[in-house]
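Every chain is numbered from 1 and lettered A, B, ... according to where its sequence line falls, protein lines coming before strand lines. The structure presented is a predicted model; accordingly, all values stated were derived computationally and were not measured.
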Number of protein chains: 2
Amino acid sequence: MTERVVPPAARRRRRPTKQGVVLSEELIVATALRLIEEHGADALSVRRLGRALGADPSSLYRYFRHTDDLMLAIADELIGRTLRTWSPTGDWRADLRELGLRMHAGALAHPRAAVLSSYRVTGRVHEIEAVEAILGVLRGAGFPDAEAVRIYHAFVDQTLAFGALDSASTALPGPARAAEASVWRATYVRLPADTHPNIAATARHLVADMPRSSYPAALELLLDAAAARLTAFQRRPVAD
Amino acid sequence: MTERVVPPAARRRRRPTKQGVVLSEELIVATALRLIEEHGADALSVRRLGRALGADPSSLYRYFRHTDDLMLAIADELIGRTLRTWSPTGDWRADLRELGLRMHAGALAHPRAAVLSSYRVTGRVHEIEAVEAILGVLRGAGFPDAEAVRIYHAFVDQTLAFGALDSASTALPGPARAAEASVWRATYVRLPADTHPNIAATARHLVADMPRSSYPAALELLLDAAAARLTAFQRRPVAD
DNA sequence: ACCTTATGACAACACCGTTGACCTGTTAAG
DNA sequence: CTTAACAGGTCAACGGTGTTGTCATAAGGT
């Protein structure tokens, strides 16, 4: 068998599919994203994607070695779209807060694609840009290199993880989602104080707090802790 | 069609499968967990589970409406097991740290269940116990009720979100996972300093830090921030 | 002893990712 | 121009998946 996937640069002999579509990596990724947005992540399969493109499913294997490869391409495209609308101001806390909230919002906007991109390192252009930018913010703020990496890592993973978490629950089928929301009201609030004193005591807070995302709060806690460390470093600088 | 799933209380006519096994919800969940532990998360399918149990796959649908239901049952069992090996000492920071790390480790050991349980409220017994226990630790430490709920929410979501994130990457098929790990060494480290100064400057830290989970670091940051707030409250108490 | 019905088994359905073999239009070389 | 190579599209098949409609039967209540 000749090698299935050809590097994009060497692609020349493009010819239309039976249904008249000229395939390309970009078109495939764009169509995949559209599919995910319109019908959910479960709607993304090689076969369905092929159908949506007007091509035989197996054609896709000329562009991506396996579905995994395709996922990475999709993930990187998402990172790129998010980063394009963000520009650092110089205030590291504000910049990280803004970026975090933006990434989180982006995840919620593409609920089912967010899950895919959360746990993969793509090593592609957009991801690299993002890493460079965030590290720049932290080092510019005065974090020593090792600490900058540590904070970067926690920040990025926290944002991606919450993005995936929150968008997963957003993406639940309608009735299931309503059921989730009502568990707090229906089950937890009713627990008697003698067997579950702590839940009973905080019931009204639970009902108010739990249905909302805790990402903004968690982000603020992380920024607080990072700021505290920064002032500690500034008081007693550390060799790097 | 008669309703497929019968509430456990109403189960009476237990009869052995062709291979002589007497099914039960507990046995199914236990076997599923064993399968995951022994052969990885991908080894869990209705058909394989049936084979492992010595029963027809379709029999499982007498106990669980769909695989999702089964996953939730597994998830709750996991919460239970995690909680069972944890006993609060009275030092709230140590207790939360210990519980967080335990939950995270539990998630890593059972990736598929972890992903599901991260964004679902099961409302089952073990989950309720966990909520009660964590709230107890926080209120015992002196957090006002509203703040206790806020910290609880951030703590639990962060733990579950990181659990899902990290277990998703450990659940990657072998080669894909190896590829992930090498991206930092192969791609990022090689970026020239003139185009990517921040990555180049921190390259050795990135290689050391990124392949590991950032959960322990993120947890510590959260505990730091919470402790800072606690002392603030203790200095100037707040009506609740 | 009988009747009901819970529960297990079976077969079938509609999907899935992936691959090897085949065919054909595009392209570059002569 | 002609032609030979081969990129890239198509087809059919493999072995897997979750799920369901139907049927047989053994357990339990009466």
- Would you tell me if any nitrogen or oxygen in the side chain of B/Ser59 comes within less than 4.0 Å of OP1 or OP2 on C/dT7? no
- Note on the structure: Taken to the nearest whole Å, CZ/A/Phe64 to C1'/C/dG17 is 15 Å
- Query: If only side-chain N and O atoms of A/Tyr63 are considered, is one of them under 4.0 Å from the OP1 or OP2 phosphate oxygen of D/dG9?
  - Reply: yes
- Note on the structure: From OH of B/Tyr61 across to C1' of C/dA6 the rounded distance in Å is 19 Å
- In whole angstrom, give the distance that lies between atom CG of B/Asp68 and atom C1' of D/dT19. 13 Å
- Spacing of B/Met71 atom CE relative to D/dT17 atom C1', expressed in whole Å: 12 Å
- Message: Is a donor from one side chain sitting under 3.5 angstrom from an acceptor on the other, for B/Arg102 and B/Thr85?
- Response: yes
- Item | Rounded distance in Å - NE2 (B/His39) to C1' (D/dG16) | 17 Å
- Item | Geometric class of the B/Phe162/B/Tyr215 ring pair [parallel <30°, tilted 30-60°, perpendicular >60°] | tilted
- Query: Between A/Arg65 (CZ) and C/dG17 (C1'), how many Å, whole number?
  - Reply: 16 Å
- Query: With distance as the sole criterion, do the side chain of B/Arg47 and the base of D/dG16 form a donor-acceptor contact below 3.5 Å?
  - Reply: no
- Item | Given DNA chain D, 5'-ward residue of the pair B/Pro16 and B/Val46, judged by closest heavy atom | B/Val46
- Below 4.0 angstrom from OP1 or OP2 of C/dG17, is there any side-chain N or O of A/Ser45? yes
- B/Ser167 side chain to B/Gly163 backbone, donor-acceptor under 3.5 Å: yes
- Pick base, sugar-phosphate or nothing for B/Thr17, based on heavy-atom distances below 4.0 Å to the nucleic acid. sugar-phosphate
- Message: Tell me if the side-chain of B/Arg15 makes a donor-acceptor pair with the base of C/dT7, cut-off 3.5 Å, by modelled atom types.
- Response: yes
- Message: When you measure only distances, ignoring hydrogens and angles, does the side chain of B/Arg62 come within 3.5 Å of the base of C/dG8 through a donor and an acceptor?
- Response: yes
- Message: Return the CG to OG1 distance between A/Leu60 and A/Thr31, rounded to the nearest 0.5 Å.
- Response: 9.5 Å
- Query: If you find the nucleotide of DNA chain C closest to A/Arg51 and the one closest to A/Asp56, which residue's nucleotide is nearer the 5' end?
  - Reply: A/Arg51
- Task: Starting at atom NZ of B/Lys18, determine the distance to atom C1' of D/dC23, rounded to an integer number of angstrom.
- Result: 13 Å
- Euclidean distance, atom CG of residue B/Leu60 to atom P of D/dG18 [Å, nearest integer]: 10 Å
- Message: Quick check on DNA chain C: between A/Arg48 and A/Ser58, whose nearest nucleotide comes earlier from the 5' end?
- Response: A/Arg48
Considering only distance and modelled atom types, tabulate donor-acceptor pairs under 3.5 Å from the side chains of residues 190-200 of chain B, sequence neighbours left out.
{"from": "B/Thr195", "atom 1": "OG1", "to": "B/Pro192", "atom 2": "O", "distance (Å)": "3.3"}
{"from": "B/Asn198", "atom 1": "OD1", "to": "A/Arg139", "atom 2": "NH1", "distance (Å)": "2.8"}
{"from": "B/Asn198", "atom 1": "ND2", "to": "A/Glu132", "atom 2": "OE2", "distance (Å)": "3.0"}

